[in-house]
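Index from 1, following the sequence. Owing to the predicted nature of the structure, the values given are computational and were not obtained by experimental measurement. Just follow the structure's listing: the first ligand is 1, and inside any ligand the first atom is 1.
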Amino acid sequence: MADFQKVIAHAKEYGFVFPSSEIYGTLGATYDYGPYGSELRNNLKQYWWRSMVQMHENIVGLDAAIFMHPKTWKASGHVDAFNDPLIDNKDSKKRYRADVLVEEHIAKIEAKINKDIAKAQKRFGDDFDEAQFRATNPNVTRRQAQIEDIEARLKQVQVDEDLVAFKQLIEDLEIVDPVSGTKNWTDVRQFNLMFNTQLGNIAGEEGKLYLRPETAQGIFVNFLNVQQSARQKIPFGIAQIGKAFRNEIVARQFIFRMREFEQMEMQFFVRPGEEMKWYEYWKETRLKWHKALGLGESNYRFHDHLKLAHYANAAADIEFNFPFGFKELEGIHSRTDFDLGEHQKLSGKKLQYFDPELNDSYVPYVVETSIGLDRLFLAVFSASLQEEALEDGSSRVVLALPPAVAPIKVAILPLVRKDGLPEKAREIFDELKLHQNCYYEEKDSIGKRYRRMDAIGTPYCITIDHQTLEDGTVTIRERDSMQQERVSLETVVNTVNERVDMNSLLRQVK
Ligand code: GAP
């Protein structure tokens, strides 16, 4: 995997991701997707949408408005409880999330353990037994005990919402500000993450509108509309893709943590008491979906939540090995009947389902899968970016994206700009563009053109040469192996279509 700074630079240079409003000095934690970035994003959305909605008879789609009635956010708990604990360093004037400071401290201890393990592995070679080493090495067991103690204290202060104890934890761990190097901290305070704005025609609190911090609530308030109009029976799901907004205190790590981002969420409505079965089902199903992308199975792991959100009775993250380590990519949450129950109370409207098999009505329980599209983009992009040494001593940068999600599927390249080759190449381009997103290029040497296509992740290049005019064949060059094969013009469209088809991904997850 490429170095993180290289990932960011490559994304900008090749038209994937630009910092927002760059000519004005950029806006923190906000990014724009360029020509290839927007294509990659759309393809990732399609992979998610098709695997959820097209592949499941009992999952249907929704596209709810970003603005919702302000009572929505009171009922959901976001007005009262969607807070992050923040702390300022008085010397650097920098603001941090208190929980992130503690988690980073834990990560440093973990890094020391991993260093000890790597050293021992080197020393003992094939005889090394990691489990035994972890259980018996005094340094490792002492550090592991430290981690467990800190995690327990962190959980306790979060559950108790005890901000004084939170500050004490930071002081006890002797955490220093990475900027000023001092321990001169303010008290820990709660900070609500929702952006708000005001309706033009209603003054005061009544007219206060929030930019949704999650897409899920649009699904909950439409639960009965969707269930009845789409004639769904429990268990069934509602899927939605849309923008969400959070006033993040710590906004860094490129598109990993943004203030405006896109979520792909699915709420699965189930019988009360059956939620844990479905929670386990969706954990496994979502992990399989990620692994089908072929970015490396060891790059994924589950992380069970220590602190449950106000609506959940179980929650886990699927973490991905980003260039800065394992971090949350997707959340799977068992949300109980909290949201529907609270909306029912505050709106005074029944949000119940009549179950014909049980001959009874109930508020369904919900299992949610929630993934940030931008984080998925970063996972796919960073894991695909590789610098490769070639046999002739040169090197190339290749973005080895899964072909089905690549922005451009095939480039059509006449070998030279004369002898009727561009005209023949245009004919092929005009046919292939009916099927796939194609790219036509006749400038520069063929080697340079191949390199440019490698850098934007184009899985196939079709080259039209003089032989094409004689026998109606072209070469297809495959990005990863750089192998070339000759195929006839009659078969070229089908050959490309088969190799870049999204069905190859969907078949693995059906
Ligand atoms: N509806 C549940 C929910 O919103 P969450 O864990 O807060 O749960 C779900 O968010 C996913 O949204 C995360 O796993 C992450 O992929 C993405 N996400 C959350 N905050 C984000 C941010 N500031 N920038 C980019 N993606 C974010």
Side-chain angles (χ1 to χ4, degrees), residues 17 20 27-31 33 41 44-45 48 62 64 66 68 72-73 75-78 81-84 97 99-100 191-195 210-221 237-268 279 282-283 286-287 289-290 300-320 322 324 326-336 338-340 342 366-382:
V17 186
S20 162
L27 178 69
T30 320
Y31 289 87
Y33 288 87
R41 236 167 157 266
L44 292 171
K45 279 192 211 180
W48 185 86
L62 179 73
I66 287 174
M68 300 183 69
T72 309
W73 305 110
S76 68
H78 284 85
F82 193 53
N83 301 318
D84 273 346
R97 260 175 60 180
D99 54 330
V100 171
F191 177 80
N192 193 286
L193 296 182
M194 281 196 294
F195 282 104
Y210 295 98
L211 295 186
R212 66 181 178 197
E214 62 171 7
T215 59
Q217 297 304 325
I219 294 179
F220 290 123
V221 300
I238 304 177
Q240 176 167 222
I241 300 178
K243 289 269 184 169
F245 305 83
R246 295 184 190 178
N247 200 355
E248 297 283 359
I249 302 162
V250 186
R252 54 180 178 171
Q253 290 166 322
F254 193 37
I255 54 173
F256 180 81
R257 193 177 300 287
M258 295 151 86
R259 298 201 168 102
E260 172 184 340
F261 57 100
E262 195 142 355
Q263 287 187 319
M264 306 195 286
E265 298 200 300
M266 194 278 298
Q267 313 294 321
F268 200 68
Y279 171 68
W282 281 110
K283 270 177 78 174
R286 294 303 301 148
L287 187 63
W289 183 91
H290 285 285
Y300 298 91
R301 71 181 188 195
F302 281 118
H303 166 77
D304 293 319
H305 282 206
L306 285 175
K307 185 201 172 202
L308 293 173
H310 56 275
Y311 50 72
N313 67 357
D317 297 335
I318 295 176
E319 292 189 337
F320 184 76
F322 288 98
F324 37 83
F326 273 96
K327 292 271 180 218
E328 175 184 350
L329 169 61
E330 168 156 8
I332 293 107
H333 312 125
S334 172
R335 291 184 78 131
T336 66
F338 176 85
D339 301 87
L340 289 179
E342 293 300 304
V366 172
V367 175
E368 163 184 74
T369 73
S370 174
I371 178 168
L373 174 60
D374 310 273
R375 283 194 193 174
L376 176 64
F377 184 109
L378 182 58
V380 172
F381 189 86
S382 58

For this session: Take the angle between the ring planes of Y311 and F338 and call it parallel below 30°, perpendicular above 60°, tilted in between.
Result: tilted
Problem set entry | L329 and ligand 1 - part of the residue with a heavy-atom distance under 4.0 Å | backbone
For this session: For atom 15 (C) of ligand 1, grab the closest protein heavy atom and report residue, atom and distance to one decimal in Å.
Result: R375 NH1, 3.5 Å
Problem set entry | Partners passing side chain to side chain contact (heavy atoms under 4.5 Å, CB included) against E319 (at least two apart in sequence or in another chain) | R301, H303, D317, F326
Exercise. What are the atoms of ligand 1, with element, lying closer than 4.0 Å to any heavy atom of E328?
Worked result: 6 (O), 13 (C), 14 (O)
For this session: Would you tell me whether Y33 and D374 have side-chain atoms, one donor and one acceptor, within less than 3.5 Å of each other?
Result: yes
Problem set entry | From K327, H305, Q267, R246 - option closest to atom 4 (O) of ligand 1 by heavy atom | R246
Exercise. Roughly how far apart are M194 CE and Y210 OH, rounded to 0.5 Å?
Worked result: 5.0 Å
For this session: Check ligand 1 against E330 and write out every atom of the ligand that is under 4.0 Å from a heavy-atom position of the residue.
Result: 14 (O)
Exercise. Between K283 and F302, is NZ or CZ placed under 6.0 angstrom from the six-membered ring centre and within 45° of the ring axis?
Worked result: yes
Seminar exercise, completed: Residues at least two apart in sequence or cross-chain that pass ring-ring contact (aromatic ring centres under 6.0 Å, His included) with F268, listed by chain then number, are W278, W282
Exercise. Under 3.5 Å, N or O to N or O, is G372 touching ligand 1 that way?
Worked result: yes
Problem set entry | Proximity of F320 and F322 rings by center, below 6.0 Å | yes
Problem set entry | Candidate list E262, Q263, E260, test side chain to side chain donor-acceptor pair (under 3.5 Å), partner K243, passing option | E260
Problem set entry | Shortest protein contact, atom 24 (N) of ligand 1 (heavy atom only) | M258 N, 2.9 Å
Exercise. Are any side-chain N or O atoms of Q240 and backbone N or O atoms of T215, one a donor and one an acceptor, separated by less than 3.5 Å?
Worked result: yes
For this session: Look at atom 9 (C) of ligand 1 and say which protein heavy atom is nearest, naming residue and atom and giving the distance to 0.1 Å.
Result: S370 OG, 2.9 Å
Exercise. Which of the atoms in ligand 1, numbered in the order shown and given with their element, are less than 4.0 Å from a heavy-atom of F256?
Worked result: 24 (N), 25 (C), 26 (N)
For this session: Evaluate the side-chain proximity of F261 to R375: yes if any heavy-atom separation is below 4.5 Å, no if none is.
Result: no
Exercise. Can you tell me if D374 has a non-hydrogen atom under 4.0 Å from ligand 1?
Worked result: no
For this session: For E214, take its heavy atoms, then give the atoms of ligand 1 lying under 4.0 Å from any of them.
Result: 1 (N), 2 (C), 3 (C), 4 (O)
For this session: Select one of side chain, backbone, both or neither to describe which atoms of R257 lie under 4.0 Å from any atom of ligand 1, heavy atoms only.
Result: both
For this session: Would you mind listing which atoms of ligand 1 come within a distance below 4.0 Å of any non-hydrogen atom of G331?
Result: 14 (O)
For this session: Looking only at protein heavy atoms, identify the closest one to atom 12 (O) of ligand 1 and say how far it is in Å.
Result: Q263 NE2, 3.4 Å
Problem set entry | Verdict with reasoning, H290 to E330, per side-chain hydrogen bond (donor to acceptor under 3.5 Å, both in side chains) | CA-CA 10 Å; H290 285 285; E330 168 156 8; 2.7 Å; yes
Exercise. For ligand 1, is there an atom lying under 4.0 Å from some heavy atom of H333?
Worked result: yes
Exercise. Between R212 and F245, is NZ or CZ placed under 6.0 angstrom from the six-membered ring centre and within 45° of the ring axis?
Worked result: no
Exercise. Atoms of ligand 1 less than 4.0 Å from R335 heavy atoms?
Worked result: 1 (N), 2 (C)
For this session: Around atom 18 (N) of ligand 1, find the nearest protein heavy atom and jot down its residue, atom name and distance.
Result: F261 CE1, 3.5 Å
Problem set entry | Ligand-residue contact atoms, ligand 1 with E368, heavy atoms, under 4.0 Å | 1 (N), 2 (C)
Exercise. Does Q253 reach ligand 1, in the sense of a heavy atom lying below 4.0 Å from it?
Worked result: no
Seminar exercise, completed: Within 4.0 Å of some non-hydrogen atom of E265, the atoms of ligand 1 are 1 (N), 2 (C), 3 (C), 4 (O)
